[in-house]
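These notes concern the structure reproduced below.
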Amino acid sequence: MRTTIFLSVLSCYISHTHTILFMTTNLHLQRSPCLSPHMAESRPQEWKDLPIDLLAEIARHLPCFVDRFYMSWSCHDWWFVVQRPPNPRQLPWLLLPDPTTVPLHLLPGPGNTRRVSFYCLLCNRDNHNIHIRHEIGDARFFGSYDGGWILLAHGQTNRHTLLNLHTDRCLFLPDYVICVQAPMGGVVRPPVVVPIAILAATFSSTPSPTARCFGAAIVDTLDEINRPQLAFWRMEGASDRHPVAMGFMEKFCGRFEDVIYHQGAFRFLTDDEDIFVYDVFKFQEDEEGIWSEVGVNRQYFSQGSPRISNGQVTARYLVVSRGELLMVRRLIRWVRRTWAFEVYGVTQHLNSTGVVQLTWTELSSLDGRILFVARGCSRAYEVADFPGFLYGEGIYFLDDRNSNDVVAMSRRGIVGRHISSGNRCVEQETFRGYTCNDNGRCRWVEGKPGMNLFTCWFPNKERSDYSSPIWFIP
C-alpha cells in the first residue's frame with residue numbers, strides 16, 4: 001500500500017501490534033458469541049484465522065486511522081476488515097513544530113528531514129511518529145484543510161504553498177496581490193502589485209487547480225503605502241505557478257480576525273465583531289483581469305451585545321456548527337495564558353423601524369459540541385459521533401499568540417540597535433520566536449456559567465523559530 005506519509009513502521013508496528021493483541025486476548029476470553037462451542041474448546045486460533053466479526057470488533061476499538069493502518073498490515077483478512085465502510089470520523093491532530101530548524105545545507109535524507117510532532121486526541125495525545133516527506137526548510141505553518149492539506153510559507157512571509165500529506169500533492173498559493181489604487185486629484189492611477197504574507201486562509205471547496213475553486217485570505221505586508229488586508233484568487237493553474245490574487249483595502253480602522261466559507265460566501269470577522277461577506281462568484285472581472293467588489297456585504301452586529309468580560313479578548317474565531325455560524329472569543333488575563341472562552345450564536349430581530357438587527361447571543365452550554373478553533377480552519381464535531389472519546393465536549397485550542405504578526409515573521413536576520421550601559425550604540429541580531437505552550441481543552445462547568453476548567457497540553461514547550469502550532473485535519 002503506497003502512502004506518502006513516511007511512517008517508522010518497524011518500531012511503531014511492534015508497539016501497536018502488542019496493543020491489538022492485548023485487546024484481542026481480552027475479547028477472546030469473554031467468549032465472543034460469534035465463536036461456536038466447538039471453536040471455543042479447540043486450541044487457540046492463529047491471529048490470521050480469527051473470525052471476521054471478531055476482527056471487526058477489534059477494528060471498532062481503533063478509531064484513529066494510523067492505528068488502523070498498522071492493523072491492516074498484519075495480513076489480508078485484517079486489511080479487509082479495516083477497509084470495510086464506514087470508516088470512523090477523525091478528529092484533528094495537534095501539529096507541534098520543533099524548537100529550531102535543521103541545517104539546510106545538508107542534502108535531504110533520513111537524518112535531516114524536518115521533524116514535527118503529531119499528537120492525536122483519539123489516542124489520548126499519543127505522538128504519531130510521522131515524517132513530512134517534503135523538505136520544507138524553515139517554513140511557517142499557517143493553516144490546514146480537510147483531507148490532509150497543510151498551508152505553508154517556505155520563506156516565512158512568501159513562497160506560499162499547499163501540501164497534502166496523504167497524496168504528496170503540492171499546489172501553489174499567491175505571493176502577490178494586485179491592488180486597485182483610489183484616484184488622486186481626479187486622475188485614475190494604475191493598479192499596483194504588492195508582495196504579501198498570508199496570515200490565515202481557506203477555500204470555497206476541496207483544493208484543486210480549477211477555475212471553480214477559490215481561495216480567500218487575511219494578509220499583511222511590510223509595504224507602508226499599499227497595505228491590502230484581504231485577498232482572493234482562483235486556484236486554476238495552481239499546480240504549475242503561484243496565482244496572483246486581488247487585494248482589497250477595506251475602509252475601517254480595525255483588523256480582520258478570522259475567515260470562513262459558509263453558505264456560498266467567504267465571511268471575515270473583524271475585531272469590532274462585525275462580518276464582511278464576499279460572494280466571489282458575483283465578482284466582476286474586466287479585460288485586464290481586475291476584479292471589482294460586487295457582491296460585498298458588511299453585516300453590522302449590535303454593539304456591546306457580547307457581555308463585558310473580566311479578561312482581555314485576544315482572539316476571535318468563526319466556526320460552523322449544526323449549520324449555524326458561531327463566534328468564539330478567547331480571553332487572557334495577566335499571566336498571558338488563555339483564561340476563558342465565550343461562544344456566541346447569531347440571532348436576528350426587527351428593530352423599532354422594521355430593519356433586521358443582528359446580535360451575538362451567548363451560548364450557556366456547548367450541548368454536546370466539540371469545537372476546534374484556529375484562524376482559517378476551525379471545525380465543529382459532535383460528542384455523539386465519538387463514543388468513548390476521552391476528552392469529550394469542550395473547546396480545543398492551540399497557541400496562536402503571534403501567528404499573525406508579520407513583523408515578528410521577518411525578525412530573523414534583522415539587525416536592531418540599542419544603547420548599552422556605556423552609552424554605546426550596539427548592533428544586535430534579533431530572532432523570531434513563536435510561542436507553542438498555550439494549548440489544551442476548555443470545558444464549561446454545567447450549571448455554573450462563566451466557570452472554565454482547563455486541561456493544558458505541553459505547558460513547558462519551547463518556542464519555535466519557524467512556526468506556531470496548527471491543527472492537522474486528516
Side-chain angles (χ1 to χ4, degrees), residues 92-97 139-146 149-153 156-157 160-162 173-174 196-204 207 215-221 228-233 245 250 254-262 265-278 312-321 325-332 338 341-344 371-380 395-409 432 434-440 442 464 466-473:
W93 298 354
L94 176 62
L95 186 155
L96 278 179
R140 168 178 61 93
F141 304 103
F142 62 92
S144 58
Y145 199 85
D146 306 74
W149 294 97
I150 59 174
L151 285 71
L152 303 165
Q156 288 293 309
T157 58
H160 302 92
T161 60
L162 187 63
L173 298 177
I196 57 168
I198 299 179
L199 307 182
T202 191
F203 302 90
S204 61
I218 301 172
V219 301
D220 202 352
T221 180
Q229 300 156 294
L230 308 178
F232 303 88
W233 66 93
E250 292 301 337
R255 72 177 189 273
F256 288 97
E257 297 260 2
D258 200 9
V259 56
I260 196 170
Y261 187 78
H262 177 55
F266 290 105
R267 298 167 190 269
F268 294 85
L269 177 67
T270 73
D271 56 358
D272 291 334
E273 297 178 349
D274 296 330
I275 292 179
F276 283 70
V277 182
Y278 287 80
Q312 173 189 352
V313 179
T314 186
R316 298 168 178 85
Y317 309 97
L318 292 176
V319 59
V320 174
S321 174
L325 190 65
L326 303 179
M327 178 183 70
V328 181
R329 299 168 102 204
R330 182 174 184 167
L331 296 93
I332 60 172
T338 301
F341 281 93
E342 300 164 359
V343 182
Y344 298 85
L371 303 181
F372 284 78
V373 293
R375 294 185 180 97
C377 53
S378 297
R379 296 292 185 270
I395 301 166
Y396 294 78
F397 59 96
L398 44 71
D399 195 333
D400 59 4
R401 280 173 283 184
N402 46 9
S403 65
N404 61 347
D405 186 348
V406 70
V407 175
M409 298 171 194
R432 59 178 172 261
Y434 297 94
T435 54
C436 300
N437 61 356
D438 192 13
N439 319 286
C442 173
S464 171
Y466 64 94
S467 185
S468 298
I470 62 169
W471 295 119
F472 170 67
I473 311 175

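Side chains are part of it too, since the values below use all heavy atoms of this structure and drop only hydrogens, waters and symmetry mates.
Partners of Ala153 according to the side-chain contact (heavy atoms from CB on, under 4.5 Å) rule, which considers only residues two or more places apart in sequence or in another chain, are Arg140, Phe142, His160. Listed by chain and number, the residues in a side-chain hydrogen bond (donor to acceptor under 3.5 Å, both in side chains) with Thr161 are His154 (sequence neighbours excluded). Residues passing the side-chain hydrogen bond (donor to acceptor under 3.5 Å, both in side chains) test with Asn404: none are found, sequence neighbours excluded. Considering only residues two or more places apart in sequence or on other chains, Trp471 meets the ring pair (Phe, Tyr, Trp, His ring centres under 6.0 Å) condition with Phe372. Under the rule for a side-chain contact (heavy atoms from CB on, under 4.5 Å), the partners of Leu325 that lie at least two apart in sequence or sit in another chain are Ile260, His262, Arg267, Ile275, Leu318, Val320. Partners of Arg330 by salt bridge (charged side-chain N to carboxylate O under 4.0 Å, His left out), not counting sequence neighbours, listed by chain and number: Asp400, Asp438. Partners of Ile470 under the side-chain contact (heavy atoms from CB on, under 4.5 Å) rule, at least two apart in sequence or in another chain, are Leu95, Phe141, Ile150. Checked against salt bridge (charged side-chain N to carboxylate O under 4.0 Å, His left out), Asp146 has the following partners two or more places apart in sequence or in another chain: Arg379. Legend: residues meeting side-chain hydrogen bond (donor to acceptor under 3.5 Å, both in side chains) with Asn439, ordered by chain and number and at least two apart, are absent. In this view, Phe268 and Phe232, Phe256, Tyr278 satisfy the ring pair (Phe, Tyr, Trp, His ring centres under 6.0 Å) rule, not counting sequence neighbours. Applying the side-chain hydrogen bond (donor to acceptor under 3.5 Å, both in side chains) test to Ser321 and every residue at least two apart in sequence or in another chain returns Arg369. For Ser378, the side-chain contact (heavy atoms from CB on, under 4.5 Å) partners two or more places apart in sequence, or in a different chain, are Asp258, Tyr317, Val319, Val373.
With respect to Tyr261, the ring pair (Phe, Tyr, Trp, His ring centres under 6.0 Å) criterion is satisfied by exactly one of Tyr145, Phe266, Phe203: Phe266.
Here the side chain of Asp399 pairs a donor or acceptor atom with the backbone of Asn437 at under 3.5 angstrom.
Expressed to the nearest 0.5 Å, how far CG of Leu331 lies from CD of Gln312 amounts to 8.5 Å.
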